[in-house]
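Note that this is a predicted model, so its numbers are computed, not measured. What's counted below: heavy atoms across the whole structure, side chains too, no hydrogens, waters or symmetry copies.
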Amino acid sequence: MYGMKEVCKKVGMNYSTLKFYCSEGLIPNVKRDKNNRRIFDDKDIEWIKNLSCLKNCNLSIEEMKIYLEMCLKGKSTIPERKIMLAKKQNELKEKIATLEDAVAFIDWKQNFYDDILSGKIEY
């Protein structure tokens, strides 16, 4: 069993985020020690790592709660979870494409400015 600070180090999360996730009910069945401090097992740590991934996938807190609810219902909700994640995946792919376009624009501008500064073209 691990305390909050240990878990934060293990998963690379700050204390306030972990506390917030606990308070929001995003970590199911949080256990407490004899001093009423939250404690976590290896299964909890894996779930907390999943929460970090879901956050990086741009799921809102509300969407994470829905996802957790589906996970707790079991195998029958896998098709729904797949749809939810596929939508997020498409959104992320669109965002990547937008960012790639932005990088290409900056590359073009940098080359344009280099050509001006080198005297290759007139401004």
Inset, instruction - Can you measure from CG (Leu51) to NZ (Lys55) and round to the nearest 0.5 angstrom? - result: 11.0 Å
Legend entry - Atom pair CD (Gln110) and CG (Leu117), whose distance is rounded to the nearest 0.5 Å: 9.5 Å
Inset, instruction - Could you tell me whether the side chains of Thr17 and Asn14 share a donor-acceptor contact shorter than 3.5 Å? - result: yes
Legend entry - Exam field: side chain Thr77 to backbone Glu80, donor-acceptor pair closer than 3.5 Å: no
Legend entry - Heavy-atom check, side chain of Ile45 versus side chain of Lys49, under 4.5 Å: yes
Inset, instruction - Could you tell me whether the side chain of Met84 reaches within less than 4.5 Å of the side chain of Met70, counting heavy atoms only? - result: yes
Inset, instruction - Specify whether Phe112 and Trp108 have parallel, tilted or perpendicular ring planes, treating 30° as the upper limit for parallel and 60° as the lower limit for perpendicular. - result: parallel
Legend entry - Minimum side-chain heavy-atom gap Cys57-Leu85 below 4.5 Å: no
Inset, instruction - Could you tell me whether Glu91 and Lys88 have a side-chain N and a carboxylate O separated by less than 4.0 Å? - result: yes
Inset, instruction - Please say which of Lys10, Met4, Glu6 ends up in a side-chain contact (heavy atoms from CB on, under 4.5 Å) with Phe40. - result: Met4
Legend entry - Distance-only polar pair, side chains of Tyr2 and Asp44, donor-acceptor under 3.5 Å: no
Legend entry - Donor-acceptor under 3.5 Å (Asp33 side chain, Asn35 main chain): yes
